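One structure is given here, and the rest of the page talks about it.
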Amino acid sequence: MIGKPILYIATVVSLVTYLFWKYLPKGSFYIGNSIFIFLLCVYLFLNEKGSIIKFILLALALNNLLDEVFFNSTKIELNEILTGVSIFIFALIRKKKC
């Protein structure tokens, strides 16, 4: 089962982020939080892959992680627009199948 290792990794990332944030490079606190939230959403999604809500949570968590690592997290840029469009398209496809 892949779920338990993901939860263990998420716990370690959370502990390191919160306990050692003073000693980590600037901006690492937000990246650590993003990784923690993303891993929790991956765990939720893997437990119920057919859930649209869990897919949306996963997509938003991935967007947040990418925003913290690669993009400017204080501005709405292309990654937010692409995430919104992909969620909308996925919801339409899912609705047609049901």
Side-chain angles (χ1 to χ4, degrees):
M1 180 171 187
I2 195 157
K4 282 193 177 187
I6 290 175
L7 286 180
Y8 293 141
I9 293 168
T11 303
V12 169
V13 167
S14 177
L15 288 172
V16 168
T17 299
Y18 280 94
L19 292 176
F20 302 110
W21 66 272
K22 288 183 181 180
Y23 309 108
L24 297 173
K26 186 178 179 181
S28 296
F29 179 76
Y30 301 109
I31 294 171
N33 281 335
S34 296
I35 293 169
F36 172 66
I37 293 168
F38 175 71
L39 290 173
L40 290 179
C41 290
V42 166
Y43 173 76
L44 288 173
F45 183 73
L46 288 176
N47 284 334
E48 192 177 342
K49 293 180 183 174
S51 173
I52 185 126
I53 297 297
K54 291 178 182 176
F55 172 76
I56 291 171
L57 285 174
L58 180 63
L60 293 175
L62 178 61
N63 177 48
N64 185 33
L65 178 61
L66 293 174
D67 208 28
E68 292 296 338
V69 175
F70 297 112
F71 301 103
N72 185 353
S73 60
T74 61
K75 296 180 181 176
I76 294 179
E77 294 180 323
L78 183 62
N79 63 324
E80 281 88 7
I81 295 168
L82 291 175
T83 301
V85 169
S86 66
I87 289 172
F88 181 73
I89 290 171
F90 182 80
L92 286 177
I93 292 169
R94 175 111 170 115
K95 189 172 183 175
K96 283 188 177 187
K97 284 185 178 181
C98 292

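For clarity, every value in this text was computed on a predicted model and none was experimentally measured.
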CG/Leu82: more than 12 non-hydrogen atoms of other groups inside 6.0 Å: yes

In Å and rounded to the nearest 0.5 Å, what is the CG to CD1 distance from Leu39 to Ile6? 7.0 Å

Can you name the nearest heavy-atom pair linking Ala61 to Phe38, along with the distance? CB-CA, 3.8 Å

Shortest non-hydrogen separation from Ile31 to Leu65 and the atoms involved: O-CD1, 4.3 Å

Residues in ring pair (Phe, Tyr, Trp, His ring centres under 6.0 Å) contact with Phe55, at least two apart in sequence or another chain: Phe90

Value for CG (Leu7) from OG (Ser14), rounded to nearest 0.5 Å, stands at 12.0 Å

With rounding to the nearest 0.5 Å, note down the distance linking CG in Asn64 to OG1 in Thr83. 10.0 Å

Within-4.5 Å side-chain heavy-atom neighbours: Leu58 and Leu62: no

Hydrophobic cluster membership, with links at side-chain heavy-atom distances under 4.5 Å among I/L/V/M/F/W/Y: are Leu24 and Tyr18 in one? no

If you measure from CD on Glu77 to CG on Asp67, what distance do you get to the nearest 0.5 Å? 7.0 Å

same_hphob_cluster(Val13, Leu46) at 4.5 Å side-chain heavy-atom cutoff: yes

Minimum-distance pair of heavy atoms, taken over all atoms of Thr17 and Gly32: OG1-CA, 3.3 Å

Does Leu15 belong to the same Ile/Leu/Val/Met/Phe/Trp/Tyr cluster as Phe20, with side-chain heavy atoms less than 4.5 Å apart forming each link? yes

Compare every heavy atom of Leu57 with every heavy atom of Cys41, then report the nearest pair and how far apart it is. SG-O, 3.7 Å

Ignoring hydrogens, what is the shortest heavy-atom contact between Ile56 and Ile87? Give both atom names and the distance. CG1-CG2, 3.6 Å

Between Ala10 and Leu40, the two heavy atoms sitting closest are CB-CD2, 4.3 Å

Please check if Val69 and Trp21 belong to a single hydrophobic cluster, counting links between Ile, Leu, Val, Met, Phe, Trp and Tyr side chain heavy atoms closer than 4.5 Å. no

Within this structure, what is the NZ-CG distance for the pair Lys54 and Asn47, rounded to the nearest 0.5 Å? 6.5 Å

For the OG atom of Ser51 and the CZ atom of Phe45, what is their distance to the nearest 0.5 Å? 8.5 Å

Check whether Leu60 and Tyr43 end up in the same hydrophobic cluster, where Ile, Leu, Val, Met, Phe, Trp and Tyr are linked by side-chain heavy atoms less than 4.5 Å apart. yes

Are there more than 12 heavy atoms of other residues, nucleotides or ligands under 6.0 Å from atom OH of Tyr30? no

